[in-house]
2 protein chains.
Amino acid sequence: MDLKKKVSLAVIRRLPRYFRYLSDLLRLGITRISSKELSARMGITASQIRQDLNCFGGFGQQGYGYNVESLYNEIGNILGFNNKYQTIIIGAGHMGQALANYGNFEKRGFSLIGIFDVDQNLVGKKIKDIEIMHLDSLEVFVMNNNVHIAILTVPYEHTPTVADKLAQLGVRALWNFSPMDLKLTYDVIIENVHLSDSLMVLGYKLAEDMKSRANIK
Amino acid sequence: MDLKKKVSLAVIRRLPRYFRYLSDLLRLGITRISSKELSARMGITASQIRQDLNCFGGFGQQGYGYNVESLYNEIGNILGFNNKYQTIIIGAGHMGQALANYGNFEKRGFSLIGIFDVDQNLVGKKIKDIEIMHLDSLEVFVMNNNVHIAILTVPYEHTPTVADKLAQLGVRALWNFSPMDLKLTYDVIIENVHLSDSLMVLGYKLAEDMKSRANIK
DNA sequence: TAGATTGTTAATCGATTAACAATC
DNA sequence: TAGATTGTTAATCGATTAACAATC
């Protein structure tokens, strides 16, 4: 049925970035933009911008460029901002609470409907009008609610167990903050964050930079 | 002086992952591993593993494979875990506090020496023995301390100003959590996290998955 | 109409994978 | 020595960039 070939993940990962730039342009009151201008702003080639966008359709017009607002809406659609995803957070530690408090997810279609933890001191506490529940009530909760996404911010050692349970209960996607690669027997969508990996890469870049500075001297 | 050509960022970004797997093997008491076995565990090709490692040196031995502990140490060295990086956090909101409380960074050489915010209700509060300071004291603090890295968890609109100031004061690297691409006139190392981009990609994957399921039915 | 800029094909570049001689 | 597995070169694959005809 779907004849067009799958868009590569490299392209998909650039979409949120396009969206942000278009959102900025919109705020600046700029109504049209050419791939060349956008290229200069974003620091990528105009060619890549046109290739990327044409994976999804011809949103531009020869001799004119792209209409900022309509392109903004198109990319929003592609990213699925019209969908509504029911989301829960597992692990109400510092990171879990930080994510719960981040308000911007809501307006992209991710609505938080539950937070779980095993710590009795946290259970009952409210974050953004959502009461933290005990992990024991997860099963019943998921069965009674259509949970699309679970955000995993649990300690390292509990990650595989919790992830497997969620998959088993039919949760479709996991946003994983544990520094661990999930290997599930169930078919679930996973997006890893691995913050510590990112910091280590920064450390590497910094070490390289310091080395090259030392060489110049 | 440095004749070997620069290792690509794609390779660097895999190093923390190798390190994690080796750390697991070490914990399991496994002393040697071949690229083939590691390949099976990590889900990447043995060829890629050997190529990656050989960017930095010949750590293996024909007919034997790699010694887990020595490879673990080598990668730790490459990632610069022996270096000590003095780190500060700008923005003591939920995310800033979550990062401050994350203990594992310390053992990778990132030591937290200061936290700053503009909110008077937060100033003076202690996180992990570090007192939150007012942003006004940033300048003096950076001049008196050798700050290598600043972690940026400030609101969107303040990001460019703060980033620029840090760069100007000589901070070498920024770990940026703002959903904004920093463009600095100063020469500073930047590693972006862009959590919301990651969530949007998850949303896209999920939407695709739901579409293909609907088609099968 | 002339100028601008897209959509798209072709060329290039870089990253991944395969193959195999070297060697433990 | 025979078997295993690396380090490294060559082949393949995919992603990025360049070029240009189509067209607004």
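Order of the sequence lines fixes the chain letters, A, B, ..., with proteins taken first and strands second; residue numbering starts at 1 for each chain.
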- request: Go along nucleotides 18-24 of chain D 5' to 3' and tag each nucleotide: B for a protein heavy atom under 4.0 Å from its base, S when only backbone or sugar atoms are that close, - otherwise.
  value: BBB-BBB
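- Cation-pi geometry between B:Arg32 and B:Tyr64 is met: the NZ or CZ atom falls under 6.0 Å from the ring centre, inside 45° of the normal.
- When Watson-Crick and G-U wobble pairs are counted only if both distances are under 3.5 Å, C:dG14 pairs with D:dC13.
- In this entry the distance linking CG of B:Leu53 with P of C:dT16 reads 14 Å, nearest Å.
- A close approach under 4.0 Å does occur between a side-chain nitrogen or oxygen of A:Tyr66 and OP1 or OP2 of C:dG7.
- Remark: C1' of D:dA15 and CD1 of A:Ile12 are 14 Å apart, rounded to the nearest angstrom.
- Panel note: side chain B:Ser39, backbone B:Ile44; a donor-acceptor pair is recorded below 3.5 Å.
- Across the protein-nucleic acid pair, A:Asp52 atom CG and D:dA15 atom P stand 11 Å apart, rounded to whole Å.
- Between the side chain of A:Asn101 and the backbone N or O of A:Gln97, at least one donor-acceptor pair lies under 3.5 Å.
- Aromatic ring centres of B:Tyr102 and B:Phe105 lie closer together than 6.0 Å.
- By the 6.0 Å contact criterion, NZ on B:Lys128 is enclosed, its count of non-hydrogen atoms from other residues, nucleotides or ligands being greater than 12.
- Aromatic ring centroids of A:Tyr85 and A:Phe110 lie under 6.0 Å apart.
- Atom C1' of nucleotide D:dT6 and atom CG of B:Leu71 are separated by 13 Å, given to the nearest angstrom.
- Distance A:Asn54 CG to C:dT9 P: 10 Å, rounded to the nearest Å.
- For B:Leu38 and D:dA4, the CG to C1' distance is 17 Å, given to the nearest whole Å.
- Atom CD of B:Gln48 and atom C1' of C:dG14 are 13 Å apart (whole Å).
- A 3.5 Å limit on both hydrogen-bonding distances identifies C:dG7 as the Watson-Crick or G-U partner of D:dC20.
- Using bins of under 30°, 30° to 60° and over 60° for the plane-to-plane angle, the ring pair A:Tyr72/A:Phe19 lands in the parallel bin.
- The CD-P distance, from B:Glu37 to D:dA4, rounds to 13 Å in whole Å.
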